[in-house]
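Since the model is a prediction, treat every value here as computed from it, not as a measurement.
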Amino acid sequence: MGEVDPAFIQEPEHRPRISSIEGKGVPLIDLSPILSSSNVSAIEFEGLVKEVDDACKEWGFFQVINHGVPLEMREKIDGASRKFFAQSLEDKRKVSRNEKEVSGYYDTEHTKNVRDWKEVFDFTIDEPTIVPASHEPDDTELTEWNNLWPEYPPDLREICQEYGQEMVKLAYKLMELIALSLGLPADRFHGFFKDQTSFIRLNHYPPCPTPELALGVGRHKDGGALTILAQDDVGGLEVKRKTDGEWVRVKPTPDAYIINVGDIIQVWSNDRYESVEHRVMVNSEKERFSLPFFFNPAHYTMVKPLEELTNEQNPAKYRAYSWGKFITNRKRSNFQKLNVENLQIYHFRISE
Ligand code: OGA
Ligand code: NI
């Protein structure tokens, strides 16, 4: 990744601003009320639910502290990720993603058809993960995604699997808070994730000689339900502020997780909560590591606005779509670098 290939160059209007504004940042939410089972007053708990509601409505993003994920586990996966990416390209490519297996190592991802300044290693939580065999709407055949585990570092597999289970636990707790904040029973979303298609991505953003022209990840929205991101202390994640459309940096907070609403929650909530655009800046000196967990439902989920949240005054804004077909479509266009726009939820929007 030494030379700056034109494939990495963003159009002028999408280039980052090197001195990006700090301003009012994404909310920080203390989850301790849901961790300590005793002595939580109803008022305290309701306050937490209200904070989640406000954050989802105003930002689509928030950070959490006192989330219950042991710091040691995060340090372990971070260490394993650094060791993996420090290997030669040849060694990393031994676990390269391919047409059949969408997990593994990958260094040519494009977002909106511009190449991202990063390399990644993906693995799914469920092994195997069951998905449709193709994106073709009428093809009912299913297939398995299997993880490609590297030989080095030898404990990477176990560390990743353990960390994945922690992410799932936290994700369920967050979905409970989100359900409550939408006025629904706490377990309203649980059933959708029984055969989850969730995955974790280890991201490595190497130093970039032209950080003013490229991005680590171009502007995008996350297609799943919820994302739980760990970023290191370098920083670079930017969120598009809903109030004025400015790109705002998410300041690294030690041991915090960054949570964002994905497209599926936007549809389930019938636009009460929106999936917000974000992107990643790179810099010329420091490499950066991050670890997003994408909480995704079972492939057979038909995603549509929840009936409890729609009525005659507030009719469904989307028609139902198959999550399995959506995700296989995305993975396919990604792999083949089709020169077309990715499938987006607005393609399912019902015109008013
Ligand atoms: C992503 C993403 C942010 C980051 O991978 O979808 O938004 O900080 N990553 O790496
Ligand atoms: Ni993202």
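- More than 12 heavy-atom neighbours from other residues, nucleotides or ligands sit within 6.0 angstrom of CD on Glu44.
- There is a path of hydrophobic side-chain contacts, each under 4.5 Å, that joins Ile159 to Phe293.
- Atom NZ of Lys100 has more than 12 heavy atoms from other residues, nucleotides or ligands within 6.0 Å.
- No hydrogens or angles considered: a donor-acceptor pair under 3.5 Å links the side chains of Asp53 and Tyr273.
- Using a 4.0 Å cut-off between charged nitrogen and carboxylate oxygen, Arg82 and Asp232 count as a salt-bridge pair.
- The shortest side-chain heavy-atom distance between Thr310 and Pro315 does not fall under the 4.5 Å cut-off.
- Atom CG of Asp116 is separated from atom OH of Tyr106 by 9.5 Å, given to the nearest 0.5 angstrom.
- None of Met167, Gln161, Gln165 except one satisfies the side chain to side chain contact (heavy atoms under 4.5 Å, CB included) rule with Tyr163; the exception is Met167.
- Put simply, the side chain of Trp117 gets close to the backbone of Pro206: a donor and an acceptor are under 3.5 Å apart.
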Could you walk me through whether Ile264 and Phe192 pass the side chain to side chain contact (heavy atoms under 4.5 Å, CB included) test, one step at a time? CA-CA 11 Å; Ile264 293 179; Phe192 294 116; over 6 Å; no
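- The nearest pair of heavy atoms linking Ala80 to Pro153 is O-CG, 3.6 Å.
- Classification of the Tyr321-Phe348 ring pair by plane angle, with boundaries at 30° and 60°, yields parallel.
- Of the possible polar contacts, none joining the Thr210 side chain to the Leu213 backbone as a donor-acceptor pair under 3.5 Å is found.
- Between the side chains of Thr227 and Asp222, at least one donor-acceptor pair of N or O atoms lies under 3.5 Å.
- Evaluation of the salt bridge (Lys or Arg N to Asp or Glu O under 4.0 Å) test over residues 287-312, restricted to residues two or more places apart or in two chains, returns Arg188-Glu308.
- Side-chain contact of Tyr205 with Asn283: a donor-acceptor pair under 3.5 Å is absent, judged by distance alone.
- We find that Glu90 and Arg93 are not joined by a salt bridge, their nearest charged nitrogen and carboxylate oxygen being 4.0 Å or further apart.
- From Asn260, atom CG reaches atom CG of Leu226 across 7.0 Å, with rounding to the nearest 0.5 Å.
- No donor-acceptor distance shorter than 3.5 angstrom exists from the side chain of Asp263 to the backbone of Ser275, with no hydrogens or angles considered.
- Looking at Thr301, its side chain never comes within 3.5 Å of a backbone N or O of Val303 through a donor-acceptor pair.
- Both Val95 and Leu89 sit in one connected hydrophobic cluster of ILVMFWY residues. Membership requires side-chain heavy atoms under 4.5 Å apart, directly or through other members.
- Note on ring orientation: taking the six-membered ring where Trp is involved, the planes of Phe326 and Trp323 are parallel (angle under 30°, cut-offs 30° and 60°).
- When every heavy atom of Arg272 is checked against every heavy atom of Lys57, the shortest pair comes out as O-CG, 3.8 Å.
- Classification of Glu109 and Arg201 as a salt-bridged pair holds, one side-chain N sitting under 4.0 Å from a carboxylate O.
- The closest side-chain heavy-atom distance from Val168 to Phe193 is not below 4.5 Å.
- Counting non-hydrogen atoms of other residues, nucleotides and ligands closer than 6.0 Å to CG of Leu71 gives a total above 12.
- Thr328 places a side-chain N or O within 3.5 Å of a backbone atom of Gly324 that can act as its donor or acceptor partner.
- Using a 4.5 Å cut-off on side-chain heavy atoms (C-beta onward), Leu48 and Leu180 make no contact.
- Ion pairing of Asp91 with Lys94 is present here, as a side-chain N (NZ or NE/NH1/NH2) and a carboxylate O approach within less than 4.0 Å.
- Note that the NZ atom of Lys118 and the CG atom of Leu202 stand 12.0 Å from one another [nearest 0.5 Å].
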Please assess Ile265 against Met175 for the test side chain to side chain contact (heavy atoms under 4.5 Å, CB included), listing each intermediate value before the final yes or no. CA-CA 10 Å; Ile265 290 184; Met175 290 308 296; 3.9 Å; yes
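- Remark: side-chain polar atoms of Arg330 are paired, donor with acceptor, to backbone N or O of Leu343 under 3.5 angstrom.
- With a 6.0 Å cutoff to the six-membered ring centre and a 45° limit on the axis angle, Lys331 counts as a cation-pi contact of Phe199.
- Without hydrogens or angle criteria, His67 side chain to Asp255 main chain gives a donor-acceptor distance under 3.5 Å.
- Closest approach of Ile200 to Gly164, counting heavy atoms only: CD1-CA, 3.8 Å.
- A salt bridge links Arg17 with Glu246: the distance from a Lys NZ or Arg NE/NH1/NH2 to an Asp or Glu carboxylate oxygen falls below 4.0 Å.
- The line from CD1 of Ile29 to NZ of Lys50 is 11.0 Å long, rounded to the nearest 0.5 Å.
- Between Phe121 and the options Tyr152, Phe84, Tyr105, Phe289, a ring-ring contact (aromatic ring centres under 6.0 Å, His included) holds for only Phe84.
- In summary, Asp271 and Arg349 engage in a salt bridge, as defined by a charged side-chain N under 4.0 Å from a carboxylate O.
- In this structure, Asn98 contributes its side chain and Glu101 its backbone to a donor-acceptor pair below 3.5 Å.
- A donor-acceptor contact under 3.5 angstrom links the side chains of Gln196 and Ser198, judged on distance only.
- Checking side-chain atoms of Arg15 against main-chain N and O of Gln10 turns up a donor-acceptor pair under 3.5 Å.
- Note: Phe294 CZ to Thr197 OG1 = 12.0 Å, rounded to the nearest 0.5 Å.
- The closest donor-acceptor contact from the side chain of Asn147 to the backbone of Trp149 lies at 3.5 Å or more, if one exists at all.
- Of all heavy-atom pairs spanning Leu182 and Leu309, the tightest one is O-CD2, 3.6 Å.
- The line from CD of Glu11 to CD1 of Ile9 is 10.5 Å long, rounded to the nearest 0.5 Å.
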